[in-house]
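Along the sequence shown, residues carry numbers from 1. As the structure is a prediction and not an experimental result, all values here were calculated from the model.
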Amino acid sequence: MDVQSEKIIHMLGIAVGMLNDAKALEIVLESLGRRHRGYGARIEHFEKVGEALIWMLEQMCGDGFTPQVRACWAEVYRQMASSMKRAMLDKQQVA
């Protein structure tokens, strides 16, 4: 689980770094979604991962994790997960 946590944190860093290039970020996230489909990930897993991410950020940031910060991170995750889920569900794309 520690390895998976590190991968998620790494991907979040990449995503934040790519926020100025939405098209490139979308390509990366779609590719990631297709790979996760091949790993056996399921759509319903995304909700629990999002909850765990928000909890972890809250623990790390303490009082700095304001309601506004929480809302921003939740939206970033929602958009990332949406792109990945869309690619996972697209049966026409090759994994």
Side-chain angles (χ1 to χ4, degrees):
M1 196 57 154
D2 288 338
V3 172
Q4 192 61 34
S5 295
E6 288 178 24
K7 288 181 180 182
I8 291 170
I9 296 300
H10 178 72
M11 187 60 218
L12 284 170
I14 290 171
V16 168
M18 296 179 76
L19 286 176
N20 290 332
D21 191 351
K23 188 165 183 83
L25 178 56
E26 183 73 14
I27 291 167
V28 168
L29 293 172
E30 288 175 353
S31 175
L32 190 59
R34 287 189 296 277
R35 285 197 313 267
H36 276 69
R37 179 178 60 206
Y39 303 150
R42 296 175 27 192
I43 297 300
E44 55 268 21
H45 294 159
F46 283 88
E47 183 177 345
K48 291 295 181 188
V49 170
E51 290 171 5
L53 171 67
I54 296 299
W55 179 85
M56 179 206 59
L57 290 169
E58 184 175 34
Q59 300 308 303
M60 292 175 63
C61 297
D63 292 340
F65 200 66
T66 65
Q68 295 85 2
V69 171
R70 174 188 292 269
C72 289
W73 274 108
E75 181 61 17
V76 166
Y77 178 76
R78 187 195 68 74
Q79 289 185 21
M80 290 176 64
S82 178
S83 295
M84 289 178 65
K85 289 188 284 189
R86 191 171 37 256
M88 286 175 68
L89 294 171
D90 187 352
K91 301 294 184 196
Q92 295 178 356
Q93 294 182 2
V94 178

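Side-chain contact between Phe65 and Leu57 is present, with at least one heavy-atom pair separated by less than 4.5 Å. Counting only heavy atoms from C-beta outward, the side chains of Met56 and Ile9 approach each other to under 4.5 Å. Here the side chains of Met11 and Val28 are in contact, with some heavy-atom distance below 4.5 Å. In this structure, Asp21 and Leu25 have side chains that are not in contact, with every pair of non-hydrogen atoms separated by 4.5 Å or more.
Atom CD of Gln79 sits about 14.5 Å away from atom CE of Met84, to the nearest 0.5 Å. Of the inter-residue distances, the one linking Ile43 atom CD1 with Leu89 atom CG reads 4.0 Å to the nearest 0.5 angstrom.
Between Ser83 and Leu29, the shortest heavy-atom distance links the atoms CB-CB, 3.8 Å.
By the 4.0 Å N-to-carboxylate-O rule, Arg86 lies close enough to Glu26 to be salt-bridged with it. Electrostatic pairing of Arg78 and Glu75 counts as a salt bridge here, judged by a charged N lying under 4.0 Å from a carboxylate O.
Under a 3.5 Å cut-off, the side chain of His36 and the backbone N or O of Leu32 do form a donor-acceptor pair. Using modelled atom types, one side-chain atom of Tyr77 and one backbone atom of Phe46 make a donor-acceptor pair closer than 3.5 Å. With hydrogens and angles ignored, the 3.5 Å screen pairs a side-chain donor or acceptor of Arg37 with a backbone N or O of Ala87.
Annotation for Glu44: atom CD counts as buried by contact number, over 12 foreign heavy atoms lying within 6.0 Å.
Met80 and Tyr39 fall into different hydrophobic clusters, where Ile, Leu, Val, Met, Phe, Trp and Tyr are joined by side-chain heavy atoms under 4.5 Å apart, directly or via other members. Neither Leu19 nor Ile27 shares a network with the other; the hydrophobic side chains, linked directly or stepwise wherever heavy atoms of I, L, V, M, F, W or Y lie under 4.5 Å apart, form separate groups for each.
In summary, the side chains of Arg70 and Thr66 do not present any donor paired with an acceptor at a separation below 3.5 Å, with no hydrogens or angles considered.
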